[in-house]
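Okay, structure first, notes after.
Note: hydrogens, waters and symmetry copies are ignored here, and every other heavy atom, side chains too, is used. Predicted, not measured: the structure shown is a model, and the values here were computed from it. Letters go in sequence order (proteins before strands), and every chain restarts at 1.
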Protein chains: 2
Amino acid sequence: MSKQDVSISRSGGCCTPISVAALDEATASEGAAVFKALSDPIRLRLMSIIASAGAEVCVCDITPHFTVSGPTISHHLRVLREAGLVDCERRGTWVYYWPLPDRQQWISTLLSVPEPASA
Amino acid sequence: MSKQDVSISRSGGCCTPISVAALDEATASEGAAVFKALSDPIRLRLMSIIASAGAEVCVCDITPHFTVSGPTISHHLRVLREAGLVDCERRGTWVYYWPLPDRQQWISTLLSVPEPASA
DNA sequence: GTCTTGTTTCGACATATGTCTATCTTGACT
DNA sequence: AGTCAAGATAGACATATGTCGAAACAAGAC
C-alpha cells in the first residue's frame with residue numbers, strides 16, 4: 001500500500017472530507033459538536049488517555065493525572081460521552097471508560113487532506 | 001494581513017495519533033486550540049468551503065451562504081486564521097482566503113484510528 | 001477630491017463554558 | 001443496619017464566546 005492510498009482509503013469509507021466537498025448545515029453542526037468536545041485541553045488529554053489505553057480505563061487511574069477537582073473531571077468525561085466519543089460502565093466501586101472509535105474516525109476522515117496528485 | 005500568530009510546534013514528522021499515545025499537556029493545549037476553531041458550525045462550514053474550493057475564495061462569495069451578518073463572518077474567519085487553518089490576502093477591493101493544509105492534516109492524523117473501527 | 005462598495009474592527013450584550021464546593025448515589029465491607 | 005470510598009450531580013460563580021450595529025478602513029469609480 002502506498003502512502004497515497006492511506007488518505008484515500010480513509011476518506012473512502014464513511015464520509016467526504018471537507019477538502020473535497022463543503023459541508024451542509026446539518027453535517028457541520030454535527031461535526032462542530034464533536035470538535036467542541038475536543039476543544040478543551042483537559043478533554044483532549046482525557047480522550048487521548050482513554051483512546052491510547054488499549055483497554056478500559058478506571059476513572060481512579062485518570063484523575064491523578066490532572067490538577068483539577070474530581071467533579072471537573074467527571075464533567076469533562078460526560079461531555080466526551082455525550083459527544084459519542086467514549087462510553088463507560090460502572091463495575092463495583094469503579095467506573096471504566098473506553099473509546100468509541102467510530103466518531104473519532106469520522107472527524108479524522110472529515111479533516112483528511114488528500115495527497116496532491118503529483119503527475 | 002497574512003498574520004499567523006499561532007506557533008506550530010510540529011510539522012516535519014507530523015505526530016502520533018491519540019489512539020497510540022496519550023498527549024502531553026502542551027500538545028493537548030495546541031490541539032485543543034485547533035479543535036476550538038472548528039467547534040462552531042459556521043466556522044466548520046467556512047473551513048469546508050475554503051478547503052473544498054480548490055482555489056482562493058473571495059469573502060464576497062462566502063458571505064451569501066450564511067444568514068449571519070458580515071462582521072460575524074469576518075470574526076469567524078479571523079478565528080480560523082489565528083488557528084493557522086487558513087490564510088488570506090487582500091487584492092484590490094476583495095479579500096481572498098485559502099486553506100493551510102498542514103494544520104488540518106495534523107489534527108486529522110491526531111485523531112486517526114489505526115485499527116479497524118469494528119473488529 | 002467625494003462617493004460607493006467590500007471588509008475589518010470596535011463596543012456592547014446575552015448566553016455558554018469551565019471550575020469550584022457541597023451534596024447525592026452506588027456499591028463494598030464490617 | 002452503619003460506614004466508607006469512588007463518581008456523579010447540583011448550584012453558583014467568573015470568564016469566554018457568538019452575535020449584532022456602528023464606525024473605521026481600503027480601494028476603486030466618478
Side-chain angles (χ1 to χ4, degrees), chain A residues 25 28-50 53 56-83 85-98, chain B residues 1-6 23 25 28-47 49-50 53 56-83 85-98:
Chain A
E25 289 185 49
S29 292
E30 200 179 337
V34 182
F35 287 124
K36 180 175 287 184
L38 297 174
S39 70
D40 180 273
I42 291 181
R43 282 201 296 271
L44 187 52
R45 275 180 72 204
L46 283 170
M47 187 67 213
S48 75
I49 288 172
I50 297 169
E56 300 167 329
V57 189
C58 179
V59 174
C60 63
D61 292 324
I62 295 177
T63 307
H65 288 96
F66 299 87
T67 58
V68 293
S69 68
T72 297
I73 294 293
S74 189
H75 159 70
H76 286 309
L77 285 172
R78 183 226 277 263
V79 173
L80 291 176
R81 221 184 321 131
E82 292 179 344
L85 287 164
V86 302
D87 202 357
C88 68
E89 187 183 67
R90 173 173 212 126
R91 271 205 300 286
T93 305
W94 295 279
V95 177
Y96 296 87
Y97 278 76
W98 60 89
Chain B
M1 194 168 292
S2 324
K3 88 167 164 213
Q4 224 180 298
D5 34 324
V6 168
L23 300 175
E25 289 185 47
S29 293
E30 202 179 333
V34 182
F35 287 125
K36 179 175 287 185
L38 297 173
S39 70
D40 181 274
I42 290 180
R43 281 202 296 272
L44 187 52
R45 274 181 74 203
L46 282 170
M47 187 68 213
I49 288 172
I50 297 170
E56 300 167 331
V57 189
C58 179
V59 174
C60 62
D61 292 324
I62 295 177
T63 306
H65 288 97
F66 298 88
T67 57
V68 293
S69 67
T72 297
I73 294 293
S74 187
H75 159 71
H76 286 309
L77 286 172
R78 183 225 279 263
V79 173
L80 291 176
R81 222 187 316 135
E82 292 180 344
L85 286 164
V86 301
D87 203 357
C88 68
E89 187 183 66
R90 177 182 281 272
R91 272 203 301 285
T93 305
W94 295 280
V95 176
Y96 296 86
Y97 278 76
W98 60 89

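The nucleotide whose nearest atom lies closest to any side-chain atom of A:Ser69 is, among C:dT7, C:dT21, D:dC20, C:dT21. Here the nucleotide nearest the side chain of A:Pro71, chosen from D:dC20, C:dT21, D:dA6, is C:dT21. Across C:dT9, D:dG7, D:dT19, the shortest atom-to-atom separation from the side chain of B:Val68 is found for D:dT19. Checking D:dA8, C:dT19, C:dT7 against every side-chain atom of B:Arg90, the shortest atom distance belongs to C:dT7.
In this model, the phosphate group of C:dT17 is approached by a side-chain N or O of A:Lys36 to a distance below 4.0 Å at OP1 or OP2. Neither OP1 nor OP2 of C:dT19 sits under 4.0 Å from any side-chain N or O of A:Thr72. Look at B:Thr93 and you won't find any side-chain N or O under 4.0 angstrom from OP1 or OP2 of D:dA27. Checking the phosphate oxygens (OP1, OP2) of D:dA8, no side-chain nitrogen or oxygen of A:Arg78 falls inside 4.0 Å.
Residue-level contact check: A:Arg43 touches the backbone only, with heavy atoms under 4.0 Å from sugar-phosphate atoms and none from bases. No engagement by A:Cys88 is indicated, since no non-hydrogen atom pair under 4.0 Å with the nucleic acid exists. At a threshold of 4.0 angstrom between heavy atoms, the contacts of B:Ile73 with the nucleic acid are absent. Residue contacts for A:His75: at a heavy-atom cut-off of 4.0 Å it reaches a base atom on one of the strands shown. Using a 4.0 Å heavy-atom cutoff across all strands shown, A:Tyr97 reaches sugar-phosphate atoms only and no base atom. A:Gly70 comes within 4.0 angstrom of no nucleic acid atom, judged by non-hydrogen atoms across all strands.
For the pair A:Leu77 CG and C:dG18 P, the computed distance is 13 Å after rounding to whole Å. Following rounding to the nearest Å, A:Ile42 (CD1) and D:dA16 (P) show an atom-to-atom distance of 15 Å. For the pair A:Leu38 CG and C:dG18 P, the computed distance is 12 Å after rounding to whole Å. Look at CH2 on B:Trp94: it is 9 Å from C1' on C:dT5, rounded to the nearest Å. Protein atom CG of B:Leu46 is 13 Å distant from nucleotide atom P of C:dT7, rounded to whole Å. In this structure, B:Tyr96 places its OH atom 11 Å from C1' of C:dG6, rounding to the nearest Å. In this structure, CD of B:Glu89 is placed 14 Å from P of C:dT7, rounded to the nearest angstrom. Counting to the nearest Å, the C1' atom of D:dA8 and the NE2 atom of A:His76 are 14 Å from each other.
For the atom pair B:Ile42 CD1 and B:Leu77 CG, the distance stands at 10.5 Å (nearest 0.5 Å). Taken from CG in A:Leu44 to CG in A:Leu80, the straight-line distance is 9.0 Å, to the nearest 0.5 Å. How far CD1 of A:Ile49 is from CG of A:Asp61: 10.0 Å, rounded to the nearest 0.5 Å.
At a threshold of 4.5 Å between non-hydrogen side-chain atoms, the residues A:Leu46 and A:Val86 do not count as touching.
Under a 3.5 Å cut-off, the side chain of B:Thr63 and the backbone N or O of B:Val59 do form a donor-acceptor pair.
Residue A:Trp98 places its CH2 atom among more than 12 non-hydrogen atoms of other residues, nucleotides or ligands, all under 6.0 Å distant.
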